[in-house]
*Asks:* 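Below is the structure I would like to discuss, written out as structure tokens.
All values reported here derive from a predicted model rather than from experimental measurement. Numbered from 1 within each chain, the chains take letters A, B, ... in sequence-line order.
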Protein chains: 2
Amino acid sequence: MATNCTNCPLRGLDLFVPLTEDEVAFMKRFKTGELTVQKGTQILMEGSNSPQLFTVLRGMGLRYKMLEEGRRQVVNFAFPGDFIGLQAGIMGEMKHSFEASTKMTLCVFARSDIWNVFKNQPQRAFDMTWSSAAEEHFLGDALASIGQRTAIERIAWAMVRIFRRAEALNMTQGQSMPMPYRQQDLADALGLSLVHTNKTLAKLRDRQLASWSDGTLRLMNVEKLAQLAQVDLEQEERRPLM
Amino acid sequence: MATNCTNCPLRGLDLFVPLTEDEVAFMKRFKTGELTVQKGTQILMEGSNSPQLFTVLRGMGLRYKMLEEGRRQVVNFAFPGDFIGLQAGIMGEMKHSFEASTKMTLCVFARSDIWNVFKNQPQRAFDMTWSSAAEEHFLGDALASIGQRTAIERIAWAMVRIFRRAEALNMTQGQSMPMPYRQQDLADALGLSLVHTNKTLAKLRDRQLASWSDGTLRLMNVEKLAQLAQVDLEQEERRPLM
DNA sequence: CGAGTATTTGATGCAGTTCAACGCTCGTGG
DNA sequence: CCACGAGCGTTGAACTGCATCAAATACTCG
């Protein structure tokens with residue numbers, strides 16, 4: 001059976017700010033359906049004017065931009081709870097593409113209802129803006145990583161970031177978590193070549209800091225990784241779920 | 001005399017979506033004052049919990065993040081009309097610092113009034129979200145530039161982007177515009193060393209594409225630069241002014 | 001089992017970093 | 001009024017982190 005907001009499996013997580021009953025009722029109406037796609041499916045296309053917004057319910061994906069000559073920049077990895085497509089919803093056109101890296105289920109909303117949210121549900125509108133501000137914050141951090149850090153620091157940074165997101169979603173088991181991406185995806189996210197990414201991953205394995213194979217990421221020493229990457233391990237703030 | 005929204009010098013520009021009289025009246029109340037600072041002044045500090053938001057009225061500045069060991073990432077250059085501090089306003093804490101590169105005048109708003117905007121001025125709330133989405137879009141582009149392009153492409157990209165913003169604000173005279181930043185600022189924005197930035201600027205000068213000296217940027221061949229940087233020169237969309 | 005996709009490894013080269021030094025301009029204080 | 005130092009831009013030389021090229025080894029799936 002499709003999830004109906006009331007029984008949303010994400011809502012209960014500590015990561016998310018609880019919704020009032022009113023808000024849940026509103027979300028039920030706002031939600032127009034559910035979309036399940038196979039791994040590899042393109043869900044949003046750069047430049048497209050999608051009539052839909054999504055919240056990731058299950059599965060993982062990635063946002064990316066294509067440049068000429070096949071160069072690609074992965075902008076972010078997507079986890080359950082991520083709100084996708086707000087750019088198109090607000091600005092009229094997607095500025096990056098979105099693709100499923102696993103089988104995914106997404107809650108679907110209509111872009112045409114956004115104005116209604118701003119008009120009648122200011123709290124939910126505020127929460128949407130929060131999402132956008134949070135993404136802006138993340139991109140600033142990513143820019144700093146790619147602009148200023150070495151290859152090993154960048155990879156350590158990405159691993160810590162990814163792992164902590166997974167933790168907050170109860171997707172980890174001890175030191176491990178599912179990592180359904182390809183090395184090429186990570187390389188494209190960090191502005192590194194595939195070859196160098198592979199060799200740097202080997203270094204982290206040799207140093208007993210992290211290993212990633214067969215779709216499983218394992219962080220053997222988060223503290224050292226965090227230190228290497230210069231990220232602080234402070235508790236992540238609660239965030240709204242759309 | 002202080003500007004009072006009605007006689008705001010920015011409002012009339014084609015770049016900005018016109019405001020209704022109601023909205024102007026609201027902005028007058030929302031605006032709590034005006035701040036003028038000398039060049040070099042720090043206006044917002046990363047990690048601070050600023051009670052204020054700003055719209056740049058005059059002057060230019062830059063947003064940046066500091067990393068350990070003095071590494072710095074310039075996140076964006078700020079122009080008149082830019083809305084600054086929304087992150088702190090929404091998420092409670094600034095994620096980057098902001099500094100004036102020239103003498104600047106800023107319109108000041110109270111963070112505590114934001115909720116009031118969402119509650120009573122949904123159109124203005126929507127516009128704030130638009131700002132945030134636009135910044136997110138820009139950061140995605142910047143990420144792609146730094147992650148995927150060579151030094152000369154990055155610099156060409158930055159110059160075209162900066163010049164086109166200035167054009168939309170009538171800050172250009174023919175091929176020229178004021179460029180009150182240091183080479184180090186550009187280097188830190190593009191993830192390049194100062195030395196290499198300098199040498200790459202020399203290349204662009206030799207190629208007769210662009211020259212930058214004495215605080216003036218001159219683009220001799222925007223088309224070639226845009227082609228080199230792989231940016232498209234499409235007309236920029238109108239955007240809201242806060 | 002063969003074709004396509006992903007990971008791994010070695011070898012070579014270069015774009016960009018780092019180090020070092022010099023020139024110019026401007027503000028400050030003796 | 002000049003000396004001095006600080007900040008910024010410029011240039012040369014040497015080094016290196018990472019890209020590129022090439023090829024072998026797994027893995028997956030029809």
Side-chain angles (χ1 to χ4, degrees), chain A residues 38-40 62 67 69-74 99 101-103 145-158 178-207 210-218 228, chain B residues 38-41 62 67 69-74 99-102 145-158 178-207 210-218 228-229:
Chain A
Q38 290 313 307
K39 125 172 153 175
L62 48 86
L67 288 83
E69 304 164 29
R71 287 187 276 185
R72 182 181 72 147
Q73 177 67 40
V74 169
E99 173 181 315
S101 298
T102 66
K103 181 177 176 187
S145 269
I146 298 192
Q148 308 299 325
R149 297 197 226 266
T150 65
I152 200 166
E153 290 169 345
R154 287 184 219 182
I155 292 186
W157 174 82
M179 182 75 177
Y181 302 104
R182 291 163 304 165
Q183 293 190 2
Q184 184 71 65
D185 296 328
L186 185 63
D188 288 347
L190 299 177
L192 297 169
S193 71
L194 171 60
V195 172
H196 198 61
T197 299
N198 181 285
K199 288 175 180 169
T200 307
L201 285 169
K203 263 186 209 162
L204 287 172
R205 217 181 301 126
D206 292 348
R207 291 208 209 169
S211 71
W212 172 23
S213 62
D214 304 314
T216 299
L217 175 64
R218 187 159 165 228
L228 178 58
Chain B
Q38 290 312 306
K39 127 173 151 173
T41 308
L62 48 84
L67 288 83
E69 305 163 31
R71 287 187 275 186
R72 183 181 72 149
Q73 177 67 40
V74 169
E99 174 181 314
S101 298
T102 65
S145 270
I146 298 192
Q148 308 300 326
R149 297 197 226 266
T150 65
I152 200 165
E153 290 169 345
R154 289 184 218 182
I155 291 186
W157 174 82
M179 182 75 175
Y181 303 103
R182 292 161 303 165
Q183 293 190 359
Q184 184 72 65
D185 296 328
L186 185 63
D188 288 347
L190 299 177
L192 297 169
S193 71
L194 171 61
V195 171
H196 200 244
T197 300
N198 180 286
K199 287 174 179 168
T200 308
L201 285 168
K203 264 187 209 161
L204 288 171
R205 217 180 302 127
D206 292 348
R207 290 209 209 168
S211 70
W212 173 23
S213 61
D214 305 313
T216 299
L217 175 64
R218 186 159 165 226
L228 177 59

*Asks:* Just compare dG10(C), dC8(D), dG16(C) and give me whichever is closest to any side-chain atom of V195(A).
*Replies:*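 It is dG10(C).
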
*Asks:* Side-chain N or O of Q183(A) less than 4.0 angstrom from OP1 or OP2 on dT8(C)?
*Replies:*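 For Q183(A), the contact criterion (side-chain N or O under 4.0 Å from OP1 or OP2 of dT8(C)) is met.
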
*Asks:* From the options dG12(D), dC18(D), dG16(C), select the nucleotide whose nearest atom is closest to the side chain of K199(B).
*Replies:*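 Taking heavy atoms from C-beta onward, the closest nucleotide is dG12(D).
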
*Asks:* Nearest to the H196(B) side chain among dT20(D), dG16(C), dT18(C), which nucleotide is it?
*Replies:*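 The nucleotide sitting nearest to the side chain is dG16(C).
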
*Asks:* Under 4.5 Å between any side-chain heavy atoms of Q148(B) and E153(B), yes or no?
*Replies:*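 When only atoms from C-beta onward are counted, E153(B) and Q148(B) do not touch, as no gap falls below 4.5 Å.
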
*Asks:* Touch check for S213(A), heavy atoms < 4.0 angstrom, all strands: base, sugar-phosphate only, or nothing?
*Replies:*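 Since no nucleic acid heavy atom lies under 4.0 Å of S213(A), the category is nothing.
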
*Asks:* If you check the L192(A) side chain, which of dA19(D), dG16(C), dT20(D) turns out closest?
*Replies:*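 From the listed options, dA19(D) comes nearest.
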
*Asks:* Using a heavy-atom cut-off of under 4.0 Å over every strand shown, decide if T200(A) touches base, sugar-phosphate, or nothing.
*Replies:*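 Answer is nothing: T200(A) stays at 4.0 Å or more from every strand.
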
*Asks:* Check L192(B), I155(B), L186(B), L190(B) against T200(B) for a side-chain contact (heavy atoms from CB on, under 4.5 Å) and give me the one that passes.
*Replies:*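 Of the listed options, the one satisfying the test is I155(B).
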
*Asks:* Identify whether any heavy atom of G40(B) sits under 4.0 Å from a base atom; if not, whether one sits that close to sugar-phosphate; answer base, sugar-phosphate or nothing.
*Replies:*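 Counting heavy atoms under 4.0 Å across all strands, no contact is made by G40(B).
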
*Asks:* Could you tell me the separation between the CG atom of L201(A) and the P atom of dA6(C), rounded to a whole number of Å?
*Replies:*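 Between P of dA6(C) and CG of L201(A): 16 Å.
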
*Asks:* Any side-chain N or O of N198(B) below 4.0 angstrom from OP1/OP2 of dG9(D)?
*Replies:*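 False: N198(B) side-chain N/O out of range (4.0 Å or more) of dG9(D) OP1/OP2.
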
*Asks:* Measure CD/E69(B) against P/dT18(C) and give the value in whole Å, please.
*Replies:*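 Nearest whole value for this atom pair: 11 Å.
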
